[in-house]
Colleague: 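This is the structure I have questions about; it appears just below.
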There are 2 protein chains.
Amino acid sequence: MKRTTIQDIADKTGYSKTAVSFAFNSPSRISKKAVEAILKAAEELDYIPDPMARNFSLGKHMSLGFLLPQRVEYTLMNPYMQSVIRGIATVCQEHGYTLTVIPPLHSSVIEAIKNATVDGIITLGLTIDKNIKGILRQRQMPIVAIDGSLKDEIHSVSIDDEEAAQLQLSKVLEKGHRDIAIISLPDDAYSKRTDETDSVVNKRKKGYMKALEKYSMSLSDLRVLSCATTLQDGMDAARTILNERKPTCFVTMSDVVAFGIMEVLNELDLDISVVGFDGVEIEDFHTTRLTTIHQSGNEKGKQSAKVLFSLIDGEKAPLKTLIPYSFNEGVTLKETI
Amino acid sequence: MKRTTIQDIADKTGYSKTAVSFAFNSPSRISKKAVEAILKAAEELDYIPDPMARNFSLGKHMSLGFLLPQRVEYTLMNPYMQSVIRGIATVCQEHGYTLTVIPPLHSSVIEAIKNATVDGIITLGLTIDKNIKGILRQRQMPIVAIDGSLKDEIHSVSIDDEEAAQLQLSKVLEKGHRDIAIISLPDDAYSKRTDETDSVVNKRKKGYMKALEKYSMSLSDLRVLSCATTLQDGMDAARTILNERKPTCFVTMSDVVAFGIMEVLNELDLDISVVGFDGVEIEDFHTTRLTTIHQSGNEKGKQSAKVLFSLIDGEKAPLKTLIPYSFNEGVTLKETI
DNA sequence: CTGTTAGCGCGTTCAA
DNA sequence: TTGAACGCGCTAACAG
């Protein structure tokens with residue numbers, strides 16, 4: 001048996017398709033008698049307007065897209081991502097929208113963008129280049145970038161990464177640490193190429209340099225390593241650093257990596273300080289009190305969705321949205337002895 | 001400026017719309033010369049086929065829907081849900097599909113189902129009644145229920161909740177605990193009405209009864225309270241129980257609730273055992289070693305998506321899929337003194 | 001084998 | 001209150 005369509009209702013009642021459509025969307029356009037007859041028939045035939053046909057006709061999708069920069073297994077493992085998703089979904093819910101999670105299609109982010117049936121896209125940690133911009137322009141689809149490198153005029157949501165990183169390292173230096181290992185993010189995770197000066201990684205490195213200046217130090221005085229944001233990669237990074245020489249403190253750009261490092265320190269029973277970045281424990285249910293820079297993924301998600309809805313509605317929205325961050329004192333950053 | 005459509009390519013090349021469509025979808029159907037000319041023109045005009053029009057024409061959506069049983073702020077806060085989502089998204093990614101997260105529409109799950117533009121739906125902790133089933137039948141949309149009450153023949157994925165709960169409480173009883181507080185799930189979270197005998201809550205209670213039988217006890221010998229699966233509600237539940245009388249052990253149906261309880265016990269410096277259910281810490285980054293029943297949300301998500309894809313492809317799939325669970329020994333269940 | 005015409009899917013909306 | 005066109009790509013059927 002086929003779906004009941006608007007035509008079936010029209011046939012059954014003797015009214016036209018147009019009348020049926022009006023009965024649902026603008027009842028005042030036709031007589032009460034007609035509306036009643038049509039709704040009754042619709043009820044009897046279990047009629048449900050086909051959402052896809054409806055959206056196609058209206059030129060809307062009723063969904064925002066969240067584009068995953070990497071594979072699902074990797075990206076959705078990060079609790080920071082999860083809170084961003086929650087923030088986006090919260091705003092979608094208010095607007096009667098759904099949230100479409102878009103994995104790379106055949107390993108290609110570009111392909112995914114071409115095929116997404118959404119009204120707008122939110123990215124996280126992606127370099128928005130001419131290539132991507134071109135596709136979105138052709139598709140007339142607005143975009144908001146969270147934590148991304150922007151090669152163009154693009155709406156973005158982030159914290160002041162440079163300032164936050166400066167604060168993070170300053171706290172470490174204040175505690176007397178000098179032999180510090182910085183575990184950075186992979187260059188390709190938050191920017192396609194290392195030379196994107198406005199990438200999150202580079203902004204934070206700039207912040208680190210500023211913090212070091214006060215102590216007449218520079219980045220080259222520290223060990224800098226980068227690794228993917230997984231527990232396992234954090235553990236590997238810790239071992240790599242420790243095999244060379246024990247630092248007095250690990251400064252990371254991600255809580256997840258920090259947790260990985262702590263895992264190793266725990267195994268080896270080492271008392272070395274660790275500082276994170278993201279503050280996932282606050283919003284989730286982590287009970288280890290990691291010292292970290294807290295930025296609200298939830299808030300980033302909400303703000304980006306709000307900006308995106310403005311763009312979809314054709315309204316103006318600020319090009320840059322900065323959200324607050326804070327230093328969260330835990331128990332993992334200690335004074336040097 | 002308008003989008004480039006298939007017609008524009010046809011006009012520019014002198015070929016028909018059909019030829020253009022063939023050039024993209026069945027290049028072998030027309031001459032090489034034609035294909036080249038068309039692709040070249042498409043390239044020059046930055047043509048991208050409109051995914052919505054394409055899907056509409058093909059009668060597909062290229063997306064699976066995950067229906068949230070409650071509001072986003074609540075549902076997506078649970079790390080267990082997050083791992084289920086990850087599992088679903090992983091399989092979607094393999095199939096070149098997206099994952100549509102569907103919040104209740106205007107607070108109505110029913111409305112959300114009517115409007116979702118997806119090829120199939122996965123639910124979690126929802127009672128699938130005639131009402132929902134009817135809509136999905138009319139929309140010809142397959143469904144797979146995770147942890148739900150089934151009023152009908154519906155494909156489901158879950159663990160053996162009765163057996164798992166029996167194991168959970170048995171471990172507690174073996175340790176000598178007799179004054180036990182069971183913190184159950186809210187009846188309306190995992191079943192609309194309390195009398196759904198096949199709801200997760202009821203299955204687990206049945207398991208508890210079996211465990212108690214061996215000690216000639218019954219559920220009425222324990223205190224049973226239910227609360228929502230949030231940290232805060234867990235804390236409230238703990239205080240309610242403690243105000244009355246201190247138990248020697250809290251047995252919960254959710255890790256999140258267990259974490260809330262531990263928070264309170266920590267505050268009051270009480271040494272009372274706590275046992276969880278879900279095992280979220282294993283897949284995420286929790287470092288508190290909670291004693292819990294581990295069930296893989298990720299696996300549930302994957303299995304349900306696989307079953308759903310089978311149904312979408314018109315293949316047969318087992319009505320019930322059981323996935324494994326395990327008792328995870330942590331440090332929070334101690335011998336009674 | 002190559003290419004075209006025409007119609008479909010389904011609900012919305014303009015012009016009458 | 002309605003017929004017809006529309007949105008856009010797909011495809012059965014047909015002609016050369």
Side-chain angles (χ1 to χ4, degrees), chain A residues 1-39 41-42 45-62 114-119 135 138-141, chain B residues 1-39 41-42 45-62 114-119 135 138-141:
Chain A
M1 52 191 156
K2 296 208 315 281
R3 294 189 63 262
T4 303
T5 71
I6 206 170
Q7 184 65 59
D8 297 326
I9 312 288
D11 292 346
K12 174 154 184 174
T13 59
Y15 287 100
S16 65
K17 287 200 305 175
T18 307
V20 177
S21 180
F22 281 149
F24 282 93
N25 304 309
S26 348
S28 60
R29 284 284 268 100
I30 52 177
S31 70
K32 264 183 195 165
K33 191 197 301 178
V35 173
E36 282 170 22
I38 290 170
L39 293 185
L45 296 179
D46 287 327
Y47 171 65
I48 298 167
D50 182 331
M52 176 143 69
R54 187 161 204 281
N55 289 343
F56 179 51
S57 188
L58 293 172
K60 293 204 162 197
H61 302 81
M62 301 305 284
K114 285 186 184 167
N115 288 283
T117 54
V118 295
D119 293 313
I135 292 170
Q138 176 61 26
R139 290 203 56 193
Q140 309 192 139
M141 189 173 289
Chain B
M1 50 191 157
K2 296 208 314 281
R3 294 188 64 261
T4 303
T5 72
I6 206 170
Q7 184 66 58
D8 297 326
I9 312 287
D11 292 346
K12 174 154 183 174
T13 59
Y15 286 100
S16 66
K17 288 200 304 174
T18 306
V20 178
S21 180
F22 281 150
F24 282 94
N25 304 309
S26 347
S28 61
R29 183 68 177 66
I30 52 177
S31 70
K32 266 183 193 165
K33 190 197 302 177
V35 172
E36 280 170 22
I38 290 170
L39 293 185
L45 295 178
D46 287 327
Y47 172 65
I48 298 167
D50 183 333
M52 176 142 68
R54 188 162 204 281
N55 290 342
F56 180 51
S57 187
L58 293 172
K60 292 204 163 199
H61 301 79
M62 301 305 285
K114 286 186 184 168
N115 289 283
T117 55
V118 294
D119 293 313
I135 292 170
Q138 175 61 26
R139 290 203 55 194
Q140 309 191 139
M141 190 172 288

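Below, chains carry the letters A, B, ... as their sequence lines are ordered, and counting in each starts from 1.
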Colleague: Expressed as a whole number of angstroms, how long is the span from A:Lys17:NZ to D:dG3:C1'?
Modeller: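 Spelled out: NZ on A:Lys17 to C1' on D:dG3 is 10 Å.
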Colleague: Taking the side chain of A:Arg3 as heavy atoms from C-beta outward, which of C:dT12, C:dG11, D:dG3 is closest to it?
Modeller: C:dG11
Colleague: Between B:Phe24 and B:Tyr47 (judged by ring centroids, cut-off 6.0 Å), do the two rings come close enough to count as a pair?
Modeller: yes
Colleague: B:Arg29 has a side chain; which of D:dT2, D:dA13, D:dT11 sits nearest to it?
Modeller: D:dA13
Colleague: Of the listed nucleotides (C:dA15, C:dT12, C:dG9), which one gets closest to any side-chain atom of A:Ile6?
Modeller: C:dT12
Colleague: Please report, rounded to the nearest Å, how far the P atom of D:dC8 is from the CE atom of A:Met52.
Modeller: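 One finds 16 Å between P of D:dC8 and CE of A:Met52, rounded.
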Colleague: Quick check on C:dT12: is either OP1 or OP2 less than 4.0 Å from any side-chain nitrogen or oxygen of A:Ser21?
Modeller: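 Yes.
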Colleague: Identify the two heavy atoms, one from A:Thr13 and one from A:Ala41, that lie closest to each other, and give their separation to 0.1 Å.
Modeller: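 Heavy-atom minimum between the residues: CG2-CB, 3.5 Å.
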Colleague: Over how many whole Å does the gap from B:Lys60 atom NZ to D:dT11 atom P extend?
Modeller: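 Value for this atom pair: 11 Å.
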Colleague: Does a side-chain N or O of A:Tyr47 approach OP1 or OP2 of C:dC10 to a distance below 4.0 Å, or not?
Modeller: no
Colleague: Could you state the CD1-P distance from B:Ile30 to D:dA15, rounded to the nearest angstrom?
Modeller: 20 Å
Colleague: Considering all heavy atoms of both residues, which atom of B:Met52 and which atom of A:Lys60 are nearest to each other, and what is their separation?
Modeller: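 Of all heavy-atom pairs spanning B:Met52 and A:Lys60, the closest is CE-O, 3.3 Å.
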Colleague: Minimum heavy-atom separation for B:Ala23 to B:Ile38, with atom names?
Modeller: CB-CG2, 3.6 Å
Colleague: Nearest of D:dC8, C:dT12, C:dC10 to any side-chain atom of A:Thr5?
Modeller: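 Nearest to the side chain of A:Thr5 among the choices is C:dC10.
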Colleague: If only atom types and distance count, is the side chain of B:Asp119 paired as donor or acceptor with the main-chain N or O of B:His61 below 3.5 Å?
Modeller: yes
Colleague: Can you identify which nucleotide, out of D:dC8, C:dT12, D:dT2, has its nearest atom closest to the A:Ala19 side chain?
Modeller: D:dT2
Colleague: Grab the CZ-P distance between A:Arg54 and D:dG7 for me, whole Å please.
Modeller: 19 Å
Colleague: Between P on C:dG11 and CD on A:Gln7, what's the gap in Å once rounded to a whole number?
Modeller: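 Rounded to the whole Å, the gap is 10 Å.
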Colleague: Can you tell me the distance, in whole Å, between the CG atom of B:Asn55 and the C1' atom of D:dG7?
Modeller: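 After rounding, the gap between these two atoms is 15 Å.
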Colleague: Does D:dG9 have OP1 or OP2 under 4.0 Å away from a side-chain N or O of B:Asn25?
Modeller: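 False: B:Asn25 side-chain N/O out of range (4.0 Å or more) of D:dG9 OP1/OP2.
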Colleague: Kindly give the heavy-atom pair with the smallest separation between A:Arg3 and A:Asp8, and that separation in Å.
Modeller: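 Minimum heavy-atom separation between A:Arg3 and A:Asp8: O-OD2, 3.7 Å.
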Colleague: Of the candidate nucleotides C:dT2, C:dG11, D:dC8, which contains the atom at the shortest distance from the side chain of B:Ser31?
Modeller: C:dT2
Colleague: In terms of side-chain heavy atoms of B:Phe56, which of C:dC10, C:dT2, D:dT1 is nearest?
Modeller: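 So the side chain of B:Phe56 is nearest to C:dC10.
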Colleague: Of the listed nucleotides (D:dT11, D:dC10, C:dT13), which one gets closest to any side-chain atom of B:Thr18?
Modeller: D:dT11
Colleague: Select base, sugar-phosphate, or nothing to describe what B:Tyr15 touches, counting heavy atoms under 4.0 Å on all strands.
Modeller: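 If one applies the 4.0 Å heavy-atom cut-off, B:Tyr15 turns out to touch the sugar-phosphate alone, with no base involved.
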Colleague: Starting from the 5' end of DNA chain C, give me the residue, B:Ser57 or B:Ala34, whose nearest nucleotide shows up first.
Modeller: B:Ala34
Colleague: What's the NE2-P distance between A:His61 and D:dG7, to the nearest Å?
Modeller: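 Roughly 16 Å, once rounded to whole Å.
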